[in-house]
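FYI, the numbering just counts along the sequence from 1.
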Amino acid sequence: MDRCVVRKPIKEAGTQNIMGYEIMFQSGDGDLYERGDNTAADAIVNFLMQNSDKIFCDKPTFLTFTPALLFRNLPKMIEKEKLVIQIEDNLIVHPLALPIIKKYKAEGYKFAINDFQFSPKYFGMLEYADYIRIRVGGREYRERTSMDNVIKMATAFGKICVATDVDCEDDFYVAESLNLKYMEGNYIAETMVTKANKMDYVQGSFFQLVVAVSKEEPEVDELEEIISRDAGLTYALLRLVNSAYFAQRKRTASVRQAMITLGIRQLREWVYMLSLQQDEPDDSAEEVLKMSFMRAKFAQELVGKMLPPGFCLNKLEAYMMGMFSGLEYMVDATMEELLADIPVKDEVKAALVSHEGEAGMLMDMIIAYEHADWKESKRLADGLGISTNALAQIYMDCIEEVNNIWKALTTDYSGEE
């Protein structure tokens, strides 16, 4: 059975804080939950048993429960601080669900009601809900009054409201006007940081470093000169090399020695880490950088899984394509303008600028998967010769690797002075 899973961030309105994530499942051409309760439960339980440590992190994860999932005591597999149990119509109307919901609520688990509606059956579950999720995307303007009434009612009862399906700018403005506390959707994931001015970015040391390190044969002296003249880049490089990932016995204090330790390949792959302002923590900036790493790693792994072989990009080129795809979320400029001075392969530029060629198909498949556009991601995967049966596990393995590397790279290691 084809199976896909994706994790989407939930952002606090008006801030750059990531409150949590929703985990979404799919099977075949549609939603996994539509295949029958027991079928969905079997697939989800098996997947979670193998990947729970990769899915559930330090922020709450929202997971939709079917009756079968709830009756199998699936929440017991997961720490209650890391889980929000989402319920919707099939559980709200189920005659046996309420006693179990009461039990888990008493044990400290949190609940969310999906796509809350003004009807007696939803009101009956209201006292057990911590979150009310309100679908904003795809709703008619005339429905705004109804949504506004739901929000006022939920707020009066002390419930936290989350806007979902915020997939475009219009959806965002509707959610903003309704004063919703949290938002989730493709538009939120793609606009989590304030974009830098193009001129400032292109003239800055970091962009010059990106250009230099992307050359086919980077010059160590040039890289050292760019980093050394910028205090922020110097600090970031030394912090990176002295992180727990490298676990050096003696701390490195020289840019040249740091570059030797890191190596050109790893500097090329992790150059975006040098843009992270460690002294000003920002969930959204971190999330966009993680997204870039995730796309890069996902692209790299998928190239290795293609059948037949002979793809237009090798693994490193696919990695760089995924990494550079995040530029459009960080800088106020077109992808064509941003890539004009970066010496990357023509196929990478064509993929990112005009979505052309095999590389464009791969990038589009990764983004469709990221957006939980199951039908489109399967169509593109089939066209590339990628087994859709393997997508979910590759995705989760990449999440685990990115999270582990990120944690190690951002954690200082106390070696000898």
- Item | Between CG on residue D89 and CE on residue M125, distance to nearest 0.5 Å | 10.5 Å
- Message: If I compare all heavy atoms of E370 with all of V6, which pair ends up nearest, and what's the gap?
- Response: O-CG2, 3.6 Å
- Query: Going by an N to O cut-off under 4.0 Å, is there a salt bridge joining E401 and K297?
  - Reply: yes
- Message: Strictly distance-based, threshold 3.5 Å: is any side-chain N or O of S377 a donor or acceptor partner for the main-chain N or O of W374?
- Response: yes
- Message: With rounding to the nearest 0.5 angstrom, report the OH to CD distance, Y173 to E169.
- Response: 4.0 Å
- Checking T234 side chain against I227 main chain: does a donor-acceptor pair fall under 3.5 Å? yes
- Query: ring-ring contact (aromatic ring centres under 6.0 Å, His included) with F111: which residues, sequence neighbours excluded?
  - Reply: none
- Using the side chain to side chain contact (heavy atoms under 4.5 Å, CB included) rule, take I386 and L362 through it: C-alpha gap first, then chi angles, then the decisive distance, then the call. CA-CA 10 Å; I386 300 172; L362 176 61; 4.3 Å; yes
- How many angstroms lie between OH in Y21 and CD1 in I399, if you round to the nearest 0.5 Å? 9.0 Å
- Task: Using side chain to side chain contact (heavy atoms under 4.5 Å, CB included) as the criterion, list what pairs up with K290, not counting sequence neighbours.
- Result: E286, N403, W406
- Query: Would S325 and R295 count as having a side-chain donor-acceptor pair, cut-off 3.5 Å?
  - Reply: yes
- Message: Once rounded to the nearest 0.5 Å, what's the spacing between atom CG of L380 and atom CG of L384?
- Response: 6.5 Å
- Query: Does some side-chain heavy atom of L126 sit less than 4.5 Å from a side-chain heavy atom of I132?
  - Reply: yes
- With distance as the sole criterion, is a donor-acceptor pair present between the side chains of T334 and E336 under 3.5 Å? no
- Task: Please check if the side chain of R135 supplies one atom and the backbone of G137 the other of a donor-acceptor pair under 3.5 Å.
- Result: yes
- Task: Decide if the gap between the ring center of Y104 and the ring center of Y128 is smaller than 6.0 angstrom.
- Result: no
- Salt bridge flag under 4.0 Å for residues E22 and R133: yes
- Task: Applying ring-ring contact (aromatic ring centres under 6.0 Å, His included), name anything that partners Y182, two or more places apart in sequence or on another chain.
- Result: none
- Sidechain N-carboxylate O distance under 4.0 Å for K80, E107: no
- Query: Which heavy atom in V162 sits nearest to a heavy atom in M19, and how many Å separate them?
  - Reply: CG2-CE, 4.4 Å
- Residues in salt bridge (Lys or Arg N to Asp or Glu O under 4.0 Å) contact with K103, at least two apart in sequence or another chain: none
- Query: Quick one: does D221's side chain get under 4.5 Å of R256's, heavy atoms only?
  - Reply: yes
- Let me see the working for F311 and L302 under side chain to side chain contact (heavy atoms under 4.5 Å, CB included), right down to the final yes or no. CA-CA 11 Å; F311 189 63; L302 290 173; over 6 Å; no
- Query: Does a side-chain heavy-atom distance below 4.5 Å link N17 with K11?
  - Reply: no
- Query: Considering all heavy atoms of both residues, which atom of R229 and which atom of S205 are nearest to each other, and what is their separation?
  - Reply: NE-OG, 4.0 Å
- Item | E287 side chain to Y329 side chain, donor-acceptor N/O pair below 3.5 angstrom | no
- Task: Looking only at non-hydrogen atoms, find the nearest pair between P218 and I264 and report the distance.
- Result: CG-CG2, 3.7 Å
- side chain to side chain donor-acceptor pair (under 3.5 Å) filter on T61, not counting sequence neighbours, yields none
- Query: Can K8 and E184 be counted as an ion pair, charged N to O under 4.0 angstrom?
  - Reply: no
- Query: Are any of the side-chain nitrogens in R379 or D373 under 4.0 Å away from the carboxylate oxygens of its partner?
  - Reply: no
- Message: To the closest 0.5 Å, what do you measure between CD1 (I394) and OH (Y369)?
- Response: 9.0 Å
- Message: In the structure I gave you, are the side-chain heavy atoms of R268 and L316 within less than 4.5 Å of one another anywhere?
- Response: yes
- Side-chain contact, heavy-atom cut-off 4.5 Å: F293 with C398? no
- Task: Walk me through it: do L339 and L352 pass the test side chain to side chain contact (heavy atoms under 4.5 Å, CB included)?
- Result: CA-CA 9 Å; L339 293 178; L352 295 176; 3.8 Å; yes
- Item | Atom of A258, atom of T252 and distance for their closest heavy-atom approach | N-CG2, 3.6 Å
- Is any side-chain heavy atom of D130 less than 4.5 Å from a side-chain heavy atom of K159? no
- Item | Pairs meeting criterion side-chain hydrogen bond (donor to acceptor under 3.5 Å, both in side chains) with involvement of residues 311-322, two or more places apart | E317-K345
- Verify, without hydrogens or angle tests, whether T155 (side chain) and K152 (backbone) share a donor-acceptor contact under 3.5 angstrom. no
- Parallel, tilted or perpendicular: which fits the ring planes of H94 and F71, with parallel below 30° and perpendicular above 60°? perpendicular
- Message: I'd like to know if the side chain of K110 reaches the main chain of L83, judged simply by a donor and an acceptor atom lying under 3.5 Å from each other, with no hydrogens or angles considered.
- Response: no
- Message: Between V150 and Q117, is the side chain to side chain contact (heavy atoms under 4.5 Å, CB included) condition met? List the steps.
- Response: CA-CA 8 Å; V150 169; Q117 306 291 322; over 6 Å; no
- Salt bridge check: are E219 and K215 linked by an N-O gap of less than 4.0 Å? no
- Query: Can you find a heavy atom in the side chain of L63 that is under 4.5 Å from one in the side chain of V84?
  - Reply: no
- Item | A351 versus A359, closest heavy-atom pair with distance | CB-C, 3.5 Å
- Message: Determine whether Y131 and F62 satisfy the following criterion, ring-ring contact (aromatic ring centres under 6.0 Å, His included), listing intermediate values before the conclusion.
- Response: CA-CA 10 Å; Y131 300 91; F62 289 63; 5.1 Å; yes
- Message: Can you confirm whether V136 sits close enough to L180 that some side-chain heavy atom of one is under 4.5 Å from a side-chain heavy atom of the other?
- Response: yes
- Under the 3.5 angstrom rule, does the side chain of N114 hit a backbone N or O of E88 as a donor-acceptor pair? no
- Query: Measuring from D165:CG to N186:CG, what's the distance to the nearest 0.5 Å?
  - Reply: 8.5 Å
